[in-house]
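The residues of the chain are indexed from 1 along the displayed sequence. Quick caveat, the model's predicted, so the values are computed rather than measured.
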Amino acid sequence: MRRMLPGEAIRRILAALMHAGAALLCFAYFVGTPTGQALDNAGLGMDLVGMPEAERLQLFDGVRVGAVLALAVLACALGLWALLRRRAAAAAVLALAAVGVVVLAGALRRALMRPELVPGGYDYNTWPSGHVAAACALAVVCLRLLPPGRLRPAAALVAATAVAAASYASATTFAHRPSDTIGGVLLCGAVMALCRAPGRRLRSTWWAWTVTLIIGLASAALLILGPALDPPNAYAWAALGWAAAMGCAACAVLLPESAAPGVQPASPRLRRGDAAASA
């Protein structure tokens, strides 16, 4: 594995700062302001499927746990493949970074205080979600352990969908407020950005950021304009907005991973073709 260039180190740090800054803004607004807390509490236990509560809780408890277990099994399988291909050191770094994400999420949840500015929800801090942070970290590990082929973008979309599903499941089962799940995803993005493998990106990421921007704008419109224009259905608009926000956060962290250098070496043809496309 070649030595990291100064420009690559700067890009790592900037990506980590971007995700960390977004996480800080998420905490400052949704935990530290009355309006943010009201929006956050409105998404706790949100229901977009219209099922009886007991059945909904049972179903999405399974989704919440199943997403993490499936990603963990896949990460272990890909890690074993990396070991067989003599990429043990890089796989170990990814594993330690994923553990670090979960440990940091738990430490922040215990250290941070949540002021009770509006009634409702839990009377203690639940930000960020360690469960969703673990799902996102495992998804990043899986993507980086995949060979950097042309199926990476599709895999990144599947990974983002799985993390968004775990986020929604955590909110609809009353395990976490919506901002907790978004904070967990952004925290994962900040930590995992620092342990990216050296190397040039394999393809352009314009499509990833375009998808993220579209979903983010839709989320803001649903959260802000929906309740204002249609007060009788404010709860439904807020739930849709939070679901879109969860998808936006997952896309922001995971879709660019489709172009990140992976643990497995790229084929010479892919290196030539995709490096030319991203130039």
Side-chain angles (χ1 to χ4, degrees), residues 19 22-23 26-27 30 40 43-49 51 53 55-78 94-95 97-106 108-109 122 126-146 154-192 211-212 215-216 219 239-258:
H19 288 112
C26 174
F27 179 82
F30 291 110
D40 213 9
L44 183 62
M46 62 184 188
D47 179 17
L48 293 177
V49 295
M51 297 174 61
E53 184 172 303
E55 296 179 12
R56 188 182 86 244
L57 295 179
Q58 182 177 12
L59 171 63
F60 284 100
D61 269 332
V63 171
R64 183 169 176 261
V65 175
V68 175
L69 289 179
L71 288 168
V73 170
L74 181 58
C76 289
L78 291 170
L94 286 176
V99 172
V101 168
V102 178
V103 172
L104 181 57
L108 287 174
R109 192 166 57 252
Y122 303 116
T126 55
W127 192 99
S129 168
H131 191 97
V132 174
C136 188
L138 287 168
V140 173
V141 170
C142 290
L143 289 172
R144 292 188 187 173
L145 288 175
L146 280 176
L157 283 170
V158 172
T161 301
V163 172
S167 299
Y168 175 79
S170 293
T172 196
T173 56
F174 299 93
H176 279 281
R177 299 175 177 91
S179 71
D180 301 343
T181 68
I182 293 173
V185 172
L186 295 174
L187 176 67
C188 168
V191 174
M192 299 303 284
V211 170
T212 301
I215 298 175
S219 169
L240 285 170
W242 276 121
M246 294 169 181
C248 177
C251 288
V253 172
L254 294 169
L255 294 192
E257 289 293 333
S258 64

pair Asp180-Ser170: side-chain heavy atoms closer than 4.5 Å: no

Taking the side chain as every heavy atom from C-beta outward, state whether Ile182 and Phe30 have any atom pair closer than 4.5 Å. no

What pair of heavy atoms forms the shortest contact from [X] to [Y], and how long is it?
X	Y	value
Ala250	Ala164	CB-N, 4.2 Å
Gly216	Cys248	CA-SG, 3.6 Å
Gly247	Ile215	C-CG2, 4.2 Å
Leu44	Pro178	N-CD, 3.9 Å
Val163	Cys136	CG2-CA, 3.8 Å
Leu57	Thr172	CD2-O, 3.7 Å

Can you name the residues that form a side-chain contact (heavy atoms from CB on, under 4.5 Å) with Ala155, not counting sequence neighbours? Leu143, Leu146

ring-ring contact (aromatic ring centres under 6.0 Å, His included) filter on Tyr122, not counting sequence neighbours, yields Tyr124

Run the side-chain hydrogen bond (donor to acceptor under 3.5 Å, both in side chains) test against [X] and tell me which residues pass, sequence neighbours left out.
X	answer
Ser179	Asp40
Arg109	none
Thr212	none

Sequence neighbours excluded, the answer for salt bridge (Lys or Arg N to Asp or Glu O under 4.0 Å) partners of Asp47 is Arg56

Nearest 0.5 Å please: distance from the [atom1] atom of [X] over to the [atom2] atom of [Y].
X	Y	atom1	atom2	value
Met51	Leu59	CE	CG	5.0 Å
Thr181	Leu186	OG1	CG	9.5 Å
His131	His176	NE2	NE2	8.5 Å
Phe27	Leu187	CZ	CG	12.5 Å
Arg144	Met192	CZ	CE	5.0 Å
Leu78	Leu94	CG	CG	11.0 Å

